[in-house]
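Structure, as structure tokens:
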Amino acid sequence: MPHMPRLIQAHEMHPLHDAAATRRTEHSAAAQLPAHTLMQRAGLAVARLALALTPHARTIWIACGPGNNGGDGLEAALHLRHWGLNPVVTWLGNPENTPADAHASYLRARDAGVNFAEEPPELDADDLCIDALLGLGAARPPQGLMAEWLDRMATCPSQRLAVDLPTGLSVDTGSTSTPWHADAHPPRHHTLSLLTLKPGLFTMQGRDACGTMWFDDLGIVTAEEPVAWLNAPGIQATRPHASHKGTWGDVAVIGGESDASRGISMRGAALLAARAALSSGAGRVYVSLLGNSDLWLDTIAPALMFRRFDALDFSALTSVCGCGGGETVAEVLPALLAAAPRLVLDADALNVIARDPKLKLSLANRDTQGHATVLTPHPLEAARLLACSAAEVQADRLACARELTQRFRSTVVLKGSGTVIAAPDQLPNINPTGNARLATAGTGDVLAGMIGARMAAGLDAFSAARTAVWQHGHFADLWPDDLPLTAERLATPP
Ligand SMILES: NC(=O)C1=CN([C@@H]2O[C@H](COP(=O)(O)OP(=O)(O)OC[C@H]3O[C@@H](n4cnc5c(N)ncnc54)[C@H](OP(=O)(O)O)[C@@H]3O)[C@@H](O)[C@H]2O)[C@@H](O)CC1
Ligand SMILES: Nc1ncnc2c1ncn2[C@@H]1O[C@H](COP(=O)(O)OP(=O)(O)O)[C@@H](O)[C@H]1O
Ligand SMILES: [K+]
């Protein structure tokens with residue numbers, strides 16, 4: 001039965017369970033197994049991973065909390081001690097007042113001669129500290145000694161391994177009560193999730209807090225329904241030789257407002273989306289610039305065709321609307337919402353809809369007319385659509401994406417670290433690819449074009465959104481360190 005925890009990679013789809021489902025899994029498994037089995041498996045998994053991460057550690061500091069998360073740490077200490085390493089435990093519990101499982105592990109660790117210390121040891125770069133302070137039972141922000149130890153772990157030179165979850169992180173939302181110090185070199189901190197993978201490990205502050213993700217199901221197959229899936233690349237369709245540009249569909253990007261009288265031009269946003277649609281394999285890409293633009297050629301991408309909006313037959317196209325849309329986008333939205341069979345709405349298109357109840361209704365009705373829609377809000381745009389604050393959106397990204405999906409009967413891509421992709425009657429996906437190098441102007445326009453190209457090629461809205469978001473983040477993950485990531489480079493990746 002003992003095995004090594006698995007490294008979680010971005011190429012695999014995984015079910016994600018919330019804290020309540022994980023607790024139910026734990027209780028039903030514990031009821032069928034001899035007492036203390038799960039914690040013994042958890043402690044062994046932690047110890048194996050610790051040894052694999054730092055085989056040359058001179059000291060392994062295990063900071064243990066008062067509950068069962070601390071029990072996992074005590075159990076790990078016992079194994080590390082047996083294997084000849086030097087675990088030093090600091091424990092916030094006491095033998096008289098500890099849950100039964102943790103108490104059993106305390107006795108085993110004590111009897112094995114584990115070193116219990118009052119003060120954390122000094123650590124160097126080859127060493128390891130293990131955060132076994134709080135897991136699913138965290139009830140309030142850490143204070144006092146616990147907060148001091150967390151701070152010490154965040155700033156010491158050693159690697160760090162969090163047991164089950166980084167202390168203070170909400171596994172349902174990815175919010176955290178603890179200021180996580182992001183490491184200069186992210187692989188230096190790790191999290192070993194137990195029994196299930198949870199959504200908050202992958203979105204909001206989850207990725208910064210967790211570092212490299214590992215998973216051990218402790219030999220238990222949960223019967224619980226997931227609340228979401230970790231997004232995966234999807235299957236890349238091969239292109240039949242006997243295909244032509246018409247096979248791959250047409251995209252029209254409508255946006256990029258210019259207003260010479262105000263000295264404003266946002267043409268770049270539309271060009272980025274259009275170039276990205278072209279690079280993503282769309283058969284033909286049209287650009288319809290709003291306002292008084294006199295641009296009729298993109299010299300970087302001369303294959304783009306420029307058309308006035310009234311010259312587009314958008315009933316035959318996939319429309320991507322909003323990128324740099326400005327206020328003028330309000331003039332084209334009623335027609336697009338009423339008749340475009342496949343529509344991606346970004347940026348200003350979303351802002352204009354958020355202010356206009358008639359457009360909101362028209363958007364919500366598209367589903368019943370058999371029209372496919374993808375909304376790609378960043379958190380502030382999502383907040384405008386939901387009439388709340390961006391902080392409220394970020395406090396529960398999964399719930400907000402689900403809410404937008406229900407209100408507007410559309411596929412929703414809630415952008416940011418751990419992008420959430422939700423669609424009516426589907427479990428949402430949380431995307432594991434991408435990084436903060438994408439936090440630069442125009443990368444969202446590129447994503448909108450990538451989604452549009454996939455819809456034009458025949459993918460349903462949800463699949464188009466999931467695969468485009470994954471690929472967009474993957475480009476950023478593979479980006480060479482010495483090459484600045486800019487939206488124009490991302491739009492036409494090598
Ligand atoms: N049982 C099993 O078989 C298995 C269990 N597993 C492991 O157990 C973990 C869940 O254990 P758990 O339920 O005991 O919760 P845990 O996260 O240790 O914290 C609760 C304790 O902390 C306290 N406390 C709370 N907040 C605090 C704060 N800010 N500052 C200070 N204290 C605070 C709270 O006391 P309170 O003061 O709130 O009464 C309570 O004493 C799970 O994540 C996994 O690691 C796995 O091994 C699978 C098998
Ligand atoms: N820290 C981050 N980690 C991962 N992805 C990010 C991060 N910051 C931004 N992104 C991604 O970059 C894109 C930015 O889009 P958006 O906010 O619409 O910018 P713009 O309007 O300038 O194009 C989105 O796909 C978003 O998910
Ligand atoms: K922990």
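In listed order, ligands and their atoms are each counted from 1. Here the structure is a predicted model, which means the values were calculated and not measured.
Here atom 1 (N) of ligand 1 lies nearest to E26 when heavy atoms of M39, Q143, R41, E26 are compared. Of the options D72, T25, D164, the smallest heavy-atom separation from atom 7 (C) of ligand 1 is shown by D72. Of the options N69, L92, N97, the smallest heavy-atom separation from atom 18 (O) of ligand 1 is shown by N69. Selection from G67, G71, G65, A139 by nearest heavy atom to atom 40 (C) of ligand 1 gives G67. The heavy atom nearest to atom 33 (C) of ligand 1, out of those in Q40, R140, H27, is found in R140. Taking each of L134, L136, N68 in turn, the one with a heavy atom nearest to atom 27 (C) of ligand 1 proves to be L134.
Numbered from 1 in the order shown, with element, the atoms of ligand 1 that lie under 4.0 Å from a heavy atom of P142 read 29 (N). Residue M146 has at least one heavy-atom neighbour below 4.0 Å for each of these atoms of ligand 1: 30 (N), 31 (C), 32 (N). Close contacts between ligand 1 and G135 involve ligand atoms 16 (P), 17 (O), 43 (O) [criterion: under 4.0 Å to a heavy atom]. Heavy-atom contacts of R23 reach the following atoms of ligand 1: 10 (C), 13 (O) (cutoff under 4.0 Å). For ligand 1, the atoms closer than 4.0 angstrom to any heavy atom of P141 are 29 (N). Heavy-atom contacts of L38 reach the following atoms of ligand 1: 3 (O), 49 (C) (cutoff under 4.0 Å). Residue-ligand proximity, A42 to ligand 1, at heavy-atom distances under 4.0 Å covers atoms 47 (O).
Coordination check, G135 versus the K ion (ligand 3): failed, since every N/O/S atom of the residue sits at 3.4 Å or beyond. Contact annotation: A132 places no N, O or S atom under 3.4 Å from the K ion (ligand 3). Not a single N/O/S atom of L133, whether from backbone or side chain, sits less than 3.4 Å from the K ion (ligand 3).
Note on ligand 1: H36 sits outside its first shell, no heavy atom being nearer than 4.0 Å. Contact between A30 and ligand 1 is absent, with no heavy atom of the residue lying under 4.0 Å from the ligand.
Ligand 1 has no nitrogen or oxygen under 3.5 angstrom from a nitrogen or oxygen of L165. Between G137 and ligand 1, at least one N/O pair is under 3.5 Å apart.
D101 OD2, 3.3 Å is the protein heavy atom nearest to atom 3 (O) of ligand 1.
Here V163 contributes O and D131 contributes O, and at the K ion (ligand 3) these two atoms make an angle of 90°, given to 10°. For the pair OD1 of N69 and O of L134, the angle whose vertex sits at the K ion (ligand 3) is 70° to 10 degrees.
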Output a table of donor-acceptor pairs, distance under 3.5 Å, between side-chain atoms of residues 266-275 and any protein atom two or more places apart or on a different chain; print 'none' if there are none.
{"residue": "R267", "atom": "NH1", "partner": "D294", "partner atom": "OD1", "Å": "3.4"}
{"residue": "R275", "atom": "NE", "partner": "D298", "partner atom": "OD2", "Å": "2.7"}
{"residue": "R275", "atom": "NH2", "partner": "D298", "partner atom": "OD1", "Å": "2.9"}
{"residue": "R275", "atom": "NH2", "partner": "D298", "partner atom": "OD2", "Å": "3.2"}

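Ring centroids of W479 and H474 are separated by 6.0 Å or more, keeping the two rings apart.
Salt-bridge check for D346 with K415: passed, with a basic side-chain N closer than 4.0 Å to an acidic carboxylate O. Ion pairing between a basic and an acidic side chain is recognised when a charged N comes within 4.0 Å of a carboxylate O; D164 and K198 show such pairing.
Here the side chains of V332 and V329 are in contact, with some heavy-atom distance below 4.5 Å.
Checking atom 35 (O) of ligand 1 against the protein gives no heavy-atom contact under 4.0 Å.
Listed by chain and residue number, the protein contacts of ligand 2 are H378, K415, G416, S417, T419, N435, A436, L438, A439, A441, G442, T443, G444, D445, L447, H472 (heavy atom within 4.0 angstrom).
Between H103 and Y106, the two ring planes are tilted [angle within 30° to 60°].
Note that R466 lies in the cation-pi zone of F462, set by a 6.0 Å cut-off to the ring centre and a 45° limit from the axis.
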